[in-house]
Visitor: 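My structure is below; once you've seen it, I'll send some questions.
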Amino acid sequence: FDKYLGVELTKALQWESSNIELQALAGRAEHTLDTIEGRGVGLISARMERDRAWVKLALLGVGYDVLTRDGRTLEHSPRAYMGSLEAEWAGDYAILNGGLTYGQADVGPDDSMVYLSIGYRVGKWTPYLLLQDKRMRFDASEFQRPNRGPQPPG
């Protein structure tokens, strides 16, 4: 899902010496594939920043329909849930980013990712090294062929 039509609310506040940003959105998701029709989507996130570091937690839930190429519905209203935890620390020259994500879908693969990047500022440039592990898990039972009646013996 790459975009949505809906409403988004953000609230920025300060707590002690930290900046906090809260976000919530609700709407209808849109998918890049014609065979996935987005339904309701909701997201909540919180980001806390202090000095040269920040951490962000986000949770997303979305409903969708799975269609054939000719527009017939294969699955009506499965759900997908996703979460992420990301952080950054920036020094005078070094920048360290890390995060983990997890996604679980009723129809489609479940996925997870862990990453760590280390950057070093050189003038206007920041070359970096990225270490990433991404895994997708497919449940074959989600894609079983429809029962076409009894099979002939033999």
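One is the number of the first residue; the rest follow in order along the sequence.
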Visitor: Quick one: does any side-chain atom of D106 pair with a main-chain N or O of R79 as donor and acceptor, under 3.5 Å?
Guide: yes

Visitor: Can you tell if the side chain of R39 reaches within under 4.5 Å of the side chain of D65, non-hydrogen atoms only?
Guide: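 Yes - at least one pair of side-chain heavy atoms lies under 4.5 Å apart.
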
Visitor: Identify the two heavy atoms, one from R121 and one from G91, that lie closest to each other, and give their separation to 0.1 Å.
Guide: NH1-O, 3.0 Å

Visitor: Sequence neighbours left out, what passes salt bridge (charged side-chain N to carboxylate O under 4.0 Å, His left out) with D34? Give chain and number order.
Guide: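 Once residues adjacent in sequence are excluded, D34 has no partner under the salt bridge (charged side-chain N to carboxylate O under 4.0 Å, His left out) criterion.
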
Visitor: Applying a strict under-4.5 Å side-chain criterion to I, L, V, M, F, W and Y, I'd like to know whether W89 and L116 cluster together.
Guide: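 Yes, W89 connects to L116 through the hydrophobic network.
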
Visitor: So do the side chains of I36 and V66 get within less than 4.5 Å of each other, counting heavy atoms only?
Guide: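 With C-beta onward as the side chain, the pair touches.
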
Visitor: Indicate yes or no: at least one non-hydrogen side-chain atom of K11 is less than 4.5 angstrom from one of L9.
Guide: no

Visitor: Do other residues, nucleotides or ligands put more than 12 heavy atoms under 6.0 Å from the CZ atom of R137?
Guide: yes

Visitor: Just wondering, do V41 and K3 contact through their side chains at under 4.5 Å, heavy atoms?
Guide: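 Of all side-chain heavy-atom pairs linking V41 with K3, none is under 4.5 Å.
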
Visitor: Can L74 be reached from V107 by stepping across I, L, V, M, F, W or Y side chains whose heavy atoms are under 4.5 Å apart?
Guide: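 Per the 4.5 Å side-chain linkage, V107 and L74 are co-clustered.
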
Visitor: Which pair of non-hydrogen atoms, one from L130 and one from S117, has the smallest distance, and what is that distance?
Guide: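 That closest heavy-atom pairing would be CD1-CB, 4.0 Å.
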
Visitor: Quick one: do L96 and W54 end up in the same hydrophobic cluster if we chain Ile, Leu, Val, Met, Phe, Trp and Tyr together by side-chain heavy atoms under 4.5 Å apart?
Guide: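 Cluster IDs for L96 and W54 differ.
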
Visitor: List the residues meeting salt bridge (charged side-chain N to carboxylate O under 4.0 Å, His left out) with E49, not counting sequence neighbours, and say none if there are none.
Guide: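 So E49 forms a salt bridge (charged side-chain N to carboxylate O under 4.0 Å, His left out) with R47.
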
Visitor: I need the minimum non-hydrogen distance between P109 and F138, along with the two atoms involved.
Guide: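 Scanning both residues, the minimum pair turns out to be CB-CE2, 3.5 Å.
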
Visitor: Would you please name every residue forming a ring pair (Phe, Tyr, Trp, His ring centres under 6.0 Å) with Y115, sequence neighbours left out?
Guide: none

Visitor: If you round to the nearest 0.5 Å, how far is OG of S17 from CG of D51?
Guide: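 Reported to 0.5 Å precision, the distance equals 6.0 Å.
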
Visitor: Please find the pair of heavy atoms, one from Y102 and one from S112, that lie closest to each other, and give the distance.
Guide: CD1-CB, 4.0 Å

Visitor: Taking side chain to side chain contact (heavy atoms under 4.5 Å, CB included) as the definition, give me every residue that meets it alongside V55, ordered by chain and number, with sequence neighbours left out.
Guide: M48, L85, A87

Visitor: Identify whether V122 and Y93 are in the same connected component of the hydrophobic contact network (ILVMFWY, side-chain heavy atoms under 4.5 Å).
Guide: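 V122 clusters together with Y93.
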
Visitor: Compare every heavy atom of D92 with every heavy atom of R52, then report the nearest pair and how far apart it is.
Guide: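 Smallest interatomic distance, heavy atoms only, reads NH2-OD1, 2.6 Å.
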
Visitor: Taking the side chain as C-beta and beyond, is there a heavy-atom pair between L43 and Q23 under 4.5 Å?
Guide: yes

Visitor: Could you give the distance from CD1 (I95) to CD (E88), rounded to the nearest 0.5 Å?
Guide: 6.0 Å

Visitor: How would you list, by chain and number, every residue that makes a salt bridge (charged side-chain N to carboxylate O under 4.0 Å, His left out) with R50, sequence neighbours excluded?
Guide: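 None.
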
Visitor: Work out which heavy atom in L22 is nearest to a heavy atom in A46; give both atom names and the distance.
Guide: CD2-CB, 3.7 Å

Visitor: Looking at D111 and R135, would you say the former's side chain and the latter's main chain have a donor-acceptor pair under 3.5 Å?
Guide: no

Visitor: Applying ring pair (Phe, Tyr, Trp, His ring centres under 6.0 Å), which residue pairs with at least one partner in residues 58-87 are found, sequence neighbours left out?
Guide: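 Listed by first then second residue: F1-Y64.
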
Visitor: I44, W15: one ILVMFWY side-chain cluster at the under-4.5 Å cut-off?
Guide: no

Visitor: Out of curiosity, L67 CG to T73 OG1, how far, rounded to the nearest 0.5 Å?
Guide: 5.0 Å

